[in-house]
2 protein chains.
Amino acid sequence: MEYVEAKEKFISTWGSLGTLWGINKAMAQIQALLFISTKPLSMEEIMEELKISRGNTSMNLRQLIDWGIVTKVLVSGERKEFFTTEKDVQELARIITKERSRREIKPVIKVLEEVSSINDDGTEKTKELIKQTKALKELTDDLDTLMNKLVNQKQNWLTKSVLKLMK
Amino acid sequence: MEYVEAKEKFISTWGSLGTLWGINKAMAQIQALLFISTKPLSMEEIMEELKISRGNTSMNLRQLIDWGIVTKVLVSGERKEFFTTEKDVQELARIITKERSRREIKPVIKVLEEVSSINDDGTEKTKELIKQTKALKELTDDLDTLMNKLVNQKQNWLTKSVLKLMK
DNA sequence: ATAAACTTTCAATAATTATTGAAAGTTTAA
DNA sequence: TTAAACTTTCAATAATTATTGAAAGTTTAT
């Protein structure tokens with residue numbers, strides 16, 4: 001396998017992984033492309049490489065910027081905008097974990113709290129609903145806390161944590 | 001909020017969460033319904049409660065069984081089949097983590113390995129592709145290992161792990 | 001062996017989600 | 001100011017994914 005094939009394989013794999021995880025294909029592919037690029041790319045270059053429209057590129061770049069994964073960079077002497085992604089995988093994992101927690105996990109915890117704190121009318125089904133949603137709430141909360149803890153230990157948090165847990 | 005409202009809120013929240021994570025709505029809702037049910041349910045009852053068709057119920061139950069989250073149970077004196085889901089949240093998390101690792105993470109690691117081990121022709125872009133996909137491969141591998149470690153510590157692994165990491 | 005009770009399959013259709021492209025909007029240089 | 005260079009917006013359309021329902025398949029009781 002040589003460069004072009006490897007590059008395409010990486011971009012398309014990353015794209016379908018995104019789809020599987022509720023991130024849209026174009027968004028994941030743009031990030032993948034920037035991730036292996038040696039320099040910031042313009043919208044034109046991204047469109048060209050991925051064969052997607054200007055509108056699509058613009059919208060998905062905006063989302064990536066919203067997530068804090070991609071940033072605009074100014075290239076001196078150039079009028080148009082250029083984009084790069086965070087290149088450090090640990091930092092990338094940090095950003096994604098935090099954003100997912102904020103956008104997805106926290107709201108679910110809130111609903112689980114509401115549901116699990118309804119009035120106990122003494123019936124079996126109400127007791128079961130309360131018990132199970134409470135258990136789910138606690139698990140979700142613990143996992144969220146764990147992930148945030150992991151991710152907030154700077155430098156090599158992952159390796160350190162793995163080692164810690166292996167003891 | 002009383003029982004029926006709370007139940008519906010739980011089921012629909014769980015359903016949309018599923019969608020967000022690449023699991024389809026009906027599948028997530030069936031699991032949610034079984035999760036708070038005090039007894040195994042028949043296909044008829046599931047269809048009725050969630051207002052979905054027989055075909056849809058059948059297909060999604062099969063998928064849940066494939067995942068190992070739902071099991072058929074025989075109710076004596078009854079001809080039709082009944083279904084329950086794993087009721088213990090920690091066990092549920094174990095099953096889901098293992099299956100996601102097997103179905104999603106491992107195949108990605110394989111691709112990243114292939115891509116990162118292409119021949120280094122000395123060009124900057126090849127070096128970058130190798131470097132970045134290797135870093136991603138290592139991160140993914142570490143995360144996968146960590147999750148599997150976490151999940152394989154029986155009893156209260158999560159709480160224990162959180163406490164360990166807080167030190 | 002037959003028929004009733006039940007489940008699965010799958011082509012057709014509906015619902016959802018992503019993508020395009022051209023018009024409108026913005027910024028910069030002269 | 002104006003016009004060229006660029007980006008954003010969004011209605012229309014395409015692509016994908018989920019759902020239905022009826023026919024085919026299976027199991028069990030008699």
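Within every chain, numbering begins at 1; the chains are lettered A, B, ... in the order of the sequence lines, protein sequences first and strands thereafter.
The side chain to side chain contact (heavy atoms under 4.5 Å, CB included) search around R79(B) returns none, not counting sequence neighbours.
In this structure, M47(B) places its CE atom 12 Å from P of dA22(D), rounding to the nearest Å. E78(A) places its CD atom 20 Å from the P atom of dA4(D), with the value rounded to the nearest Å. What separates CD of E44(B) from P of dT7(C) is a distance of 8 Å, to the nearest Å. We find that CG of L61(A) is positioned 16 Å from P of dC6(D), with the value rounded to whole Å. At whole-Å resolution of the value, CD in E48(B) and P in dT20(D) are 14 Å apart.
Counting non-hydrogen atoms of other residues, nucleotides and ligands closer than 6.0 Å to NZ of K134(B) gives a total of 12 or fewer. Atom CD of E113(B) sits in a crowded spot, with more than 12 heavy atoms from other residues, nucleotides or ligands closer than 6.0 Å.
Using a 4.0 Å cut-off between a side-chain N of Lys or Arg and a carboxylate O of Asp or Glu, K39(B) and E45(B) qualify as a salt bridge. A salt bridge does not link E124(B) to K127(B): none of the charged side-chain nitrogens sits closer than 4.0 Å to a carboxylate oxygen.
Note on I30(B) and F82(B): separate hydrophobic clusters, where clusters join Ile, Leu, Val, Met, Phe, Trp and Tyr whose side-chain heavy atoms are under 4.5 Å apart, directly or indirectly. Tracing side-chain contacts under 4.5 Å through hydrophobic residues (I, L, V, M, F, W, Y), one reaches M147(A) starting from L92(B); they form part of the same cluster.
Between K80(B) and dA5(C), a side-chain N or O to OP1/OP2 separation shorter than 4.0 Å is absent.
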Inset, instruction - Under the side chain to side chain donor-acceptor pair (under 3.5 Å) rule, what do T38(A) and E128(B) come out as? Steps first, then yes or no, please. - result: CA-CA 7 Å; T38(A) 54; E128(B) 184 71 4; over 6 Å; no

Legend entry - Verdict with reasoning, L146(A) to L150(B), per side-chain contact (heavy atoms from CB on, under 4.5 Å): CA-CA 11 Å; L146(A) 173 65; L150(B) 269 180; 3.5 Å; yes

Which atoms of nucleotides 24-29 of chain D (N or O only) lie under 3.5 Å from a protein N or O atom, and what are those distances?
unit_1	atom_1	unit_2	atom_2	d
dT27(D)	O2	R79(B)	NH2	2.9

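Stem list for DNA chain D (at least 3 consecutive Watson-Crick or G-U pairs, distances under 3.5 Å): C:1-30 with D:1-30.
Residue pairs satisfying the salt bridge (Lys or Arg N to Asp or Glu O under 4.0 Å) criterion with at least one member in residues 3-32 of chain A, sequence neighbours excluded, are listed as follows: K7(A)-E49(A), K9(A)-E114(B). The salt bridge (Lys or Arg N to Asp or Glu O under 4.0 Å) analysis of residues 53-69 of chain A, with sequence neighbours excluded, yields the pairs E44(A)-R54(A).
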Inset, instruction - Summarise protein proximity over nucleotides 8-19 of chain C in one line of letters, 5' to 3': B for base, S for sugar-phosphate only, - for none, counting protein heavy atoms closer than 4.0 Å. - result: BBB-------SS

